[in-house]
Every structure is written in structure tokens, then in C-alpha cells.
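All values reported here derive from a predicted model rather than from experimental measurement. Remember, it's 1-based here, ligands and their atoms both numbered in the order they're listed.
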Amino acid sequence: MPNAFDVIIIGCGHNGLVGAAYLARAGRRVLLLERRPVVGGAAVSEQVFPGFTFSVFSYVVSLLRPEIIRDLELPRHGLHILPLESTITPLPNGDYLGLWGDPDQTHREIARHSPRDAEASIEFGRLMHHMAMGVKPILSMVPPDPTSLSPGDLRGLLRLGRHFRGLGPERFHALYKLMTMSSADYLDEWFEFDPLKATKSASGIIGTFMGPRSPGTAYVLLHHYMGEIDGAFRAWGFAKGGTGAISEAIASAARSFGATIRTEAPVHRVLVRGGRVLGVALESGEEVLAPVVVSGLDPRRTFLDLVEPGELPSELVEAVRRFKFRGSSGKVNLALGALPDFTCLRGAGAHLRGAISISPSVDYLERAYDDAKYGEFSRRPYLDVILPSMIDPGMAPAGKHVMSIFVQYAPYHLNGGWTDAKREAFGDAVIDTLAEYAPNLKSAILHRQVLTPADIERITGLSEGNIFQGELTLHQLFFLRPAPAWSRYRTPIRGYYQCGAGTHPGGGIMGASGRLAAGVVLRDT
Ligand SMILES: Cc1cc2nc3c(=O)[nH]c(=O)nc-3n(C[C@H](O)[C@H](O)[C@H](O)COP(=O)(O)OP(=O)(O)OC[C@H]3O[C@@H](n4cnc5c(N)ncnc54)[C@H](O)[C@@H]3O)c2cc1C
């Protein structure tokens, strides 16, 4: 009997959904199999408490590739991005640092703290823009293998070489520094006002088990600079309905091209015979056959859980075993009966429509990391806080609010392991820290959901709770993501492919891995 499907995609994270949409658009009969009752993976919206909808894990969007939005006509499928314009850093002395959507306002605000930094920030912004533009084409490129002499790889390397030469010496040197320095050292070269350096360096530590003084974090900072919404660089936004609405829009596009989505259908094994994929076996025992299977899961699950290690070369198995996950982030979602009242900016002003960053100094962030380095969660963590219901009132009942708190550091490998009591203690540390700046917070809390990296792993399947399906460190990027020679979405098993954030160009709601993998599958078949 002929197969009912040409391609099976395992996992309905946004990358699996993007891959499915492109393959179905090209006429392939695609089946998606998702373990959970909802699609989206780490990009889901769920009503955790009656009436209160949360972007349970990822909460802001910026990196989603504009070509995907265009190709899949996502606005027609319900995608609506609302701008998130400001970042406020409350300071222990009762003052604050405000970075606003309006560049002139930001300039005046930085000058209030340091006229020198206000001037430097103009040049810094320009350079980061050029750096991001310099790296941007790489996001849409299947990584060439620098050790290969195949014509395709040589062409890719030549293109890359030409691209870097085109940057000119000054920008190339700046890019080299960004790739190798710590975010704190890099920012030290530009700025003097510590809360400004701390707030900027915070994007360099997100999702990574490193502190702002660890070499390599400057690149993660750049990674977060690369986002664009409708072509506007460095703009973060909030999806109406939460990040799940992004996944739903992509799922709707995939369905409109004919893809079939099955939820509550966990895959147990990828079926392989003679080095070729045959299909998949579900946990229910059902088998579904197809000549192509694409895993949207992270490299550990793709290579070590779903297939027998004996099907793979030992170098690949070893490389995946060494791949670093080390989840370092947690999340606290609060249902609030009233808005938080920040001591530095009283009342319900414009600051509550943006992000609130608890990053008062570089030392503060580094100390938060010190706790994690020795196996504890940060007693006083870095927090990135937003109030989605201020931007999209539909997220909470009238007069009430939802608050999303992204937290770092919460090490997956906690001393003694995560227990219910440790989870609650971690939640308390987060609330106590934020309440120092918004004293009414505790009395406003109606419900709280505390998610440790162990919870993130249990619910989403992300190994060790790493938000990017594996750390975004230099030795795990581009042609090394997830392993040398296997960064181009293929695997040693014929017909078996990978499309999750554990492949180039990595994590965040970007969709690039899904799109690039679909391109490779289409070329091969
Ligand atoms: C707490 C947190 C906060 C974050 N914040 C942001 C943010 O604000 N902005 C941003 O851009 N990014 C953020 N991220 C990162 C971003 O969400 C992820 O990098 C991205 O969503 C990964 O997408 P993916 O499609 O590659 O994989 P995943 O989202 O991991 O999807 C994999 C899917 O596979 C399914 N699955 C697993 N095993 C099986 C199986 N055996 N059978 C079938 N299905 C299976 C899972 O249920 C899941 O749906 C955050 C992540 C977390 C966890």
C-alpha cells in the first residue's frame, strides 16, 4: 500500500510548523506529530488560571524572520505583533534608567546619567546595526563545511569570505571582538554608566550558563540585536494573544497548504532499516510510514532518544553527548489583582507597556551567576518583566493583569536537585527581588506559576530546560551546530532530517531552522 504521507515532522514547535508549511506549500503531503495537546513547543499561550492567559515560556518576539512572515502570509492567519517599546531599569537608589521607543527621549535619558554615554550610544547603535546586518545573511544560509572540498561547500565558503571582506576592516574587527569577548568587556569599551552596561549586557546572558564577564557572551548580545519586526531592527514586540498566537498562525498556514496536524501523538522511535528511514512508531504502538522524517526536537532527542545509537557514527553520538544544554533560566507567571506600583516611576504610566529589567549593575548580574556557578539559584536574580495585559487587555479579566517574569539564573543541575520546596523557594526569591522595587506586588498576586528548568524540560521536552535547544556559544554555532559535518539539516540516516533550534542559526522564535531544513529536504527529494 502506498504511503499516505511524503514527510512526517516530529514535534510542533514553531520550527517544525514552519518546515511543514514550506513543504506542504511545495506540494508535499505532510503529517505533523506533536506530543502535547497544544502546538507551539516553547511558544504557546495557555490559560493557566481561569481567565488569565499566559505566554507560558517565551514571551516576546523579534527574531521571527520577515521572509517567513511574508511567504506564509502570517498576518492573514492571525499574526498581529504589538510593539513593546521601552526598557526600564529601576535602580536601588529610587531612580531609574529608561530606554524608550523614541531615540531622542532615550538620548536625553541616558544624558541625565552620563552625557558621554549618550553620545557613545549613537555610535554604538550604528555599529550594532551594521554588525547585525553583517551577520544577518548568515541566518538564511545553510552552513558550509570548512573542512569539505565539495563544490557546494567551497562555493558557500567563498560567498562567506566575500561577505566578510565586504564589511571592511573596521566592521570586521568589531565583529571579531563581538564573537570572542564578554559582553561586559565589550560594553566597557563604550560606556561608563554601570546600569546601562548591565541592562545591555543582560541580553548576552539569556539562555546561557555564563555570566556577563564570560567570554562569548557578546555574541549572544548580538544574536538578540538581530531581531526585526517589519524590517525595523532592534524592535521587540508582543504577539496579540501571546506567543502561542504565532504558533497558531504558522499552524493555520501549514493546514491551508494541506498539512495534517495530530496532537497528543508522541513519537517513540524513528524506524530505520539499512541506514534508511522508514517512518515512525508512536508511543501508542501505531506505526506511520513515510520516506522522509524530520525531527523538530533538540539534538539529544533527535539522535540519542529517537534512534538507536548503533544507527549513527560514533563521532556523532559522542559530539551530541558533549553538546552543552545546561538550562539556566526559569519563568514566573503571575495573575495580578492590581498593577505593580514601582517606587521609581509611580502609577500606571507608559513604563508598564514595556519591559522592566532588574539589572542594576554588572556586579549584580555576575553575583547572580556566581550562585548558579556553584549549583544554587540566584538569591537576587536577573529579571525581565513584562505585563502583556497592558498591551493586549484580552490576556486577563477586566481590571486584572498578567505578569511574565523571565528569570536567570536557575541552574538545571541544582545542588540536591529540584524539589517542590526548592521550586517555591526559587519563586519566593523572584517575588522578593521584584517587591524591593514594587512594594505592593505581593498583595496584588492572585495566583503564581513557577517554572524551573526541570519543569521546562518536563513540559516542553527541551533537554535540561535549555531555552535554545542547546547553548548559543561559539563552539555550538554555525557549522558546529549541532555537530561537525551534520549542521546542514541532514543526518547520517538517509531520509532523516533535523529542523529544531538545535541546528543553525539557533534558538528564539525565529523559524529560520525550519525554513532552511525544508529547503534542504526539497532539494534532496
Ligand atoms: C522560558 C523560556 C523563555 C523564552 N523566551 C523567549 C522569548 O521571549 N523570545 C524568543 O524569541 N525566544 C524565547 N525562548 C526561546 C524559544 O521559545 C525557543 O528557542 C523556540 O521556541 C524553540 O522552538 P523549536 O520549534 O525549535 O523547538 P520546541 O519549541 O522545543 O518544539 C519542540 C516540540 O516537539 C515536541 N516533542 C518533544 N518530544 C516529542 C515526541 N517524542 N513526539 C512528538 N513531539 C515531541 C514538544 O512538545 C514541542 O512542541 C524562550 C524559551 C523558554 C523555554
- prompt: Can you list the ligand 1 atoms lying under 4.0 Å from a non-hydrogen atom of P266?
  reply: 42 (N)
- prompt: Does any donor atom in the side chain of T199 or T89 lie under 3.5 Å from an acceptor atom in the other side chain?
  reply: yes
query: Among protein heavy atoms, which sits nearest to atom 53 (C) of ligand 1, and what does the distance come to when rounded to 0.1 Å?
result: I467 CG2, 3.5 Å
- request: Before signing off on this row, confirm whether F57 and ligand 1 have an N or O atom pair separated by under 3.5 Å.
  value: no
message: Does only the side chain of V61 get under 4.0 Å from ligand 1, or the backbone, or both, or neither? Count heavy atoms.
response: neither
message: Does the residue S329 have a heavy-atom contact with ligand 1, meaning some pair of atoms that are separated by less than 4.0 Å?
response: no
task: Would you mind checking which non-hydrogen protein atom is closest to atom 32 (C) of ligand 1, with the distance to 0.1 Å?
output: G296 O, 3.7 Å
message: Keeping N333 on the side-chain end and F54 on the backbone end, is there a donor-acceptor pair under 3.5 Å?
response: no
Y59 (side chain) donor-acceptor with G242 (main chain) under 3.5 angstrom: no
task: Nearest heavy atom to atom 12 (N) of ligand 1 wins, so pick from G506, G508, G514.
output: G508
field: Salt-bridge contact R448-E424 (side-chain N to carboxylate O under 4.0 Å)
entry: yes
task: Just jot down the ligand 1 atoms closer than 4.0 angstrom to any heavy atom of F406, in number order.
output: 3 (C)
message: Which label fits F478 and H504: parallel for a plane angle under 30°, tilted from 30 to 60°, or perpendicular past 60°?
response: perpendicular
Heavy-atom donor-acceptor pair, T106 side chain to L99 backbone, under 3.5 Å: no
message: Looking only at distances, can you tell me whether any N or O atom of R35, backbone or side chain, sits closer than 3.5 Å to an N or O atom of ligand 1?
response: yes
message: Counting the benzene-type ring for Trp, do Y369 and Y409 have ring centres under 6.0 Å apart?
response: yes
field: Where ligand 1 meets I509 - atom numbers and elements under 4.0 angstrom, heavy-atom basis
entry: 10 (C), 11 (O), 12 (N)
task: With rounding to the nearest 0.5 Å, note down the distance linking CZ in R262 to CG in L282.
output: 5.5 Å
- request: Run the numbers on F426 and W418 for ring-ring contact (aromatic ring centres under 6.0 Å, His included), then give the verdict.
  value: CA-CA 10 Å; F426 168 61; W418 283 99; 5.7 Å; yes
message: Ignoring hydrogens, what is the shortest heavy-atom contact between L516 and M141? Give both atom names and the distance.
response: CD1-O, 3.9 Å
message: Treating Q408 as the side-chain partner and S329 as the backbone partner, does any N or O pair qualify as donor plus acceptor under 3.5 Å?
response: no
message: Tell me the contacting part of V267 for ligand 1: side chain, backbone, both, or neither, using a 4.0 Å heavy-atom threshold, strictly below.
response: both
query: Please state which protein non-hydrogen atom is closest to atom 36 (N) of ligand 1 and give its distance, to 0.1 Å?
result: L297 CD1, 3.8 Å
field: Sub-4.5 Å side-chain heavy-atom contact between I356 and Y437
entry: no
field: For G507, atoms of ligand 1 separated by under 4.0 Å from a heavy atom
entry: 19 (O)
task: May I ask you to list the atoms of ligand 1 that are less than 4.0 angstrom from any heavy atom of I456?
output: 1 (C), 53 (C)
task: Look at atom CZ of R35 and say whether more than 12 heavy atoms of other residues, nucleotides or ligands are closer to it than 6.0 Å.
output: yes
statement: For A501, the atoms of ligand 1 under 4.0 Å from one of its heavy atoms are 26 (O)
task: Would you mind telling me if ligand 1 is within reach of the side chain of Q469, the backbone, both or neither, using heavy atoms under 4.0 Å?
output: side chain
- prompt: Is any N or O atom of K331, backbone or side chain, closer than 3.5 Å to an N or O atom of ligand 1?
  reply: no
- request: Report, in ascending order of atom number, the atoms of ligand 1 lying under 4.0 Å from any heavy atom of T460.
  value: 46 (C), 47 (O), 48 (C)
task: Specify the protein heavy atom at minimum distance from atom 13 (C) of ligand 1: its residue, its atom name, and the distance to 0.1 Å.
output: S58 CB, 3.2 Å
message: Could you identify the single nearest non-hydrogen protein atom to atom 25 (O) of ligand 1 and state the distance to 0.1 Å?
response: N15 N, 2.9 Å
- prompt: Side-chain contact, heavy-atom cut-off 4.5 Å: V277 with Y497?
  reply: no
query: Which of the atoms of ligand 1 are close to L33, meaning less than 4.0 Å from one of its heavy atoms?
result: 43 (C), 44 (N)
task: With heavy atoms only and a cut-off of under 4.0 Å, state how V60 meets ligand 1: side chain, backbone, both or neither.
output: both
Nearest-neighbour protein heavy atom for atom 49 (O) of ligand 1, which is reported as residue plus atom name and distance: E34 OE1, 2.7 Å
- line: protein heavy-atom neighbour closest to atom 29 (O) of ligand 1 works out as A42 N, 2.9 Å
message: So, 4.0 Å and heavy atoms of G41: is ligand 1 close enough to count as a contact?
response: yes
message: Just so I know, are the side chains of H351 and M390 near enough to count as touching, which here means a heavy-atom distance under 4.5 Å?
response: no
message: Any non-hydrogen side-chain atom of V48 less than 4.5 Å from a side-chain atom of V402?
response: no
message: If I apply the N/O under 3.5 Å rule, does H14 come out as touching ligand 1?
response: yes
- request: Report the nearest protein non-hydrogen atom to atom 33 (C) of ligand 1: residue, atom name, distance rounded to 0.1 Å.
  value: G13 N, 3.5 Å
message: Test your reading of the structure: does R301 have an N or O sitting under 3.5 Å from an N or O of ligand 1?
response: no
